[in-house]
Amino acid sequence: MKYWLMKSEPFKYSWEQLIKDGWTHWDGVRNYQASNNMKAMSIGDLVFFYHSNKGLDIVGVAEVSKLYYPDHTDKSGRFGMVNIKPIKPFPSPVSLKYIKAEKKLADMALVKQSRLSVSPVTEKEWKIICKIGKIKLK
DNA sequence: GCCAACGTTGGC
DNA sequence: GCCAACGTTGGC
């Protein structure tokens, strides 16, 4: 089991929209590091859904539901995507502010590489954030 | 709206 | 293969 974090601007594609849709393909990534992270995902891996620009918090947990495949919106054929489906919203969303203030989370890629839209999360970080956000998975 | 960080492009 | 110029992301 691996853990990830994916960013989306809520006015482009929000958590609420994901709930409505039931699933989505994560198209539009044009960054090798982000794309490679998606390549490394397995079915059932869990994903924090983060709202960038507006909101600035982790609002829900999603699950990888389809392995990396070519992004049809990328004409160059260099980048791919995965599908995800929503699992659960956070009863208490975890803000970037909190993550920055918490020493144990200071090494998160979200903080260190603020421009990376798909990043890995360690098991330790995952557990801390779940606890803070008061989310119980199954 | 500004700007720092950083990825990409293209000339050499 | 280097690096300046440029574009984009995203927090503030």
Side-chain angles (χ1 to χ4, degrees):
Chain A
M1 171 67 74
K2 294 186 292 296
Y3 302 100
W4 309 93
L5 181 143
M6 289 167 118
K7 284 190 210 180
S8 183
E9 297 166 276
F11 42 86
K12 281 191 184 152
Y13 194 87
S14 66
W15 170 255
E16 289 74 21
Q17 191 61 45
L18 180 63
I19 298 276
K20 238 180 254 175
D21 293 344
W23 66 278
T24 194
H25 48 226
W26 205 262
D27 64 357
V29 170
R30 297 292 182 269
N31 171 285
Y32 285 109
Q33 218 183 329
S35 195
N36 283 335
N37 283 334
M38 289 198 287
K39 207 182 275 182
M41 291 179 182
S42 309
I43 300 284
D45 279 0
L46 295 174
V47 179
F48 283 142
F49 193 104
Y50 174 80
H51 278 164
S52 63
N53 274 303
K54 282 266 162 59
L56 309 184
D57 47 10
I58 299 171
V59 288
V61 171
E63 173 185 28
V64 177
S65 57
K66 181 170 178 176
L67 290 178
Y68 187 85
Y69 61 108
D71 180 343
H72 55 82
T73 66
D74 174 30
K75 289 198 192 99
S76 73
R78 285 181 285 191
F79 300 99
M81 60 188 178
V82 295
N83 289 2
I84 60 167
K85 57 178 187 187
I87 301 280
K88 247 185 197 183
F90 270 90
S92 170
V94 180
S95 68
L96 179 65
K97 212 172 162 189
Y98 183 91
I99 291 168
K100 282 189 163 174
E102 171 56 67
K103 278 192 206 115
K104 289 177 199 150
L105 299 174
D107 284 335
M108 283 187 75
L110 178 68
V111 179
K112 294 224 157 153
Q113 281 171 276
S114 64
R115 292 185 53 201
L116 184 59
S117 60
V118 180
S119 59
V121 174
T122 67
E123 192 179 354
K124 212 184 236 176
E125 291 159 353
W126 182 272
K127 284 182 175 161
I128 294 169
I129 289 168
C130 285
K131 200 172 172 188
I132 302 309
K134 301 192 175 79
I135 197 169
K136 288 243 161 57
L137 298 166
K138 55 160 193 290

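A, B, ... follow the sequence lines: proteins, then strands. Residue 1 opens every chain.
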Provide a list of protein-nucleic acid N or O atom pairs under 3.5 angstrom, restricted to nucleotides 3-8 of chain C.
| unit_1 | atom_1 | unit_2 | atom_2 | d |
| --- | --- | --- | --- | --- |
| C:dT8 | O2 | A:Arg115 | NH2 | 2.9 |

Run the side-chain donor-acceptor check on residues 124-133 of chain A: report pairs under 3.5 Å with partners two or more places apart or on a different chain.
| unit_1 | atom_1 | unit_2 | atom_2 | d |
| --- | --- | --- | --- | --- |
| A:Glu125 | OE1 | A:Thr122 | N | 2.9 |
| A:Glu125 | OE1 | A:Thr122 | OG1 | 3.3 |
| A:Lys127 | NZ | A:Glu123 | OE2 | 3.1 |

If Ile, Leu, Val, Met, Phe, Trp and Tyr residues are connected whenever their side-chain heavy atoms lie under 4.5 Å apart, and connections chain through other members, are A:Val64 and A:Ile19 in the same group?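 Yes: a chain of side-chain contacts under 4.5 Å links A:Val64 to A:Ile19.
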Over all heavy atoms of both residues, which pair between A:Lys7 and A:Gln113 is shortest? Give the atoms and the distance, please.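 Smallest heavy-atom distance, with atoms named: NZ-O, 4.4 Å.
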Please give me every residue in residues 53-60 of chain A whose heavy atoms get under 4.0 Å of an atom in DNA chain C, ordered by residue number.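 Hits under 4.0 Å, by residue number: A:Asn53, A:Leu56.
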Residues of residues 96-106 of chain A with any non-hydrogen atom less than 4.0 angstrom from an atom of DNA chain C: list those, numerically ordered, please.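 Result for residues 96-106 of chain A: A:Leu96, A:Lys100, sorted by number.
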Give a yes or no on whether A:Lys88 atom NZ has more than 12 heavy-atom contacts from other residues, nucleotides or ligands under 6.0 Å away.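 Counting other residues, nucleotides and ligands, NZ of A:Lys88 exceeds 12 neighbours.
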A:Asp45: partners by salt bridge (charged side-chain N to carboxylate O under 4.0 Å, His left out), with sequence neighbours left out: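 In terms of salt bridge (charged side-chain N to carboxylate O under 4.0 Å, His left out), with neighbours along the sequence ignored, A:Asp45 is linked to A:Lys2.
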Residues in salt bridge (charged side-chain N to carboxylate O under 4.0 Å, His left out) contact with A:Asp27, at least two apart in sequence or another chain: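 Not a single residue meets the salt bridge (charged side-chain N to carboxylate O under 4.0 Å, His left out) criterion with A:Asp27.
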CD of A:Glu9 to OG of A:Ser14: how many Å apart, nearest 0.5 Å?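 Going from the CD atom of A:Glu9 to the OG atom of A:Ser14 covers 12.0 Å.
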Can you tell me if A:Lys7 touches the phosphate of C:dG10, counting only side-chain N or O atoms and a distance under 4.0 Å to OP1 or OP2?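 A:Lys7 to C:dG10 OP1/OP2: side-chain N or O found under 4.0 Å.
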Nearest-Å distance, CZ (A:Arg30) to P (C:dT9)?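 The answer, rounded to whole Å, is 11 Å.
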Under 3.5 Å side-chain donor-acceptor pair for A:Ser117 and A:Arg30: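 No.
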Sub-6.0 Å ring centroid separation between A:Phe90 and A:Phe49: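 Not close enough - the centres of the two rings lie 6.0 Å or further apart.
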Pairing of A:Lys85 and A:Asp21 as salt bridge, 4.0 angstrom limit: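 Here A:Lys85 does not pair with A:Asp21 in a salt bridge, since their nearest N and O are not under 4.0 Å apart.
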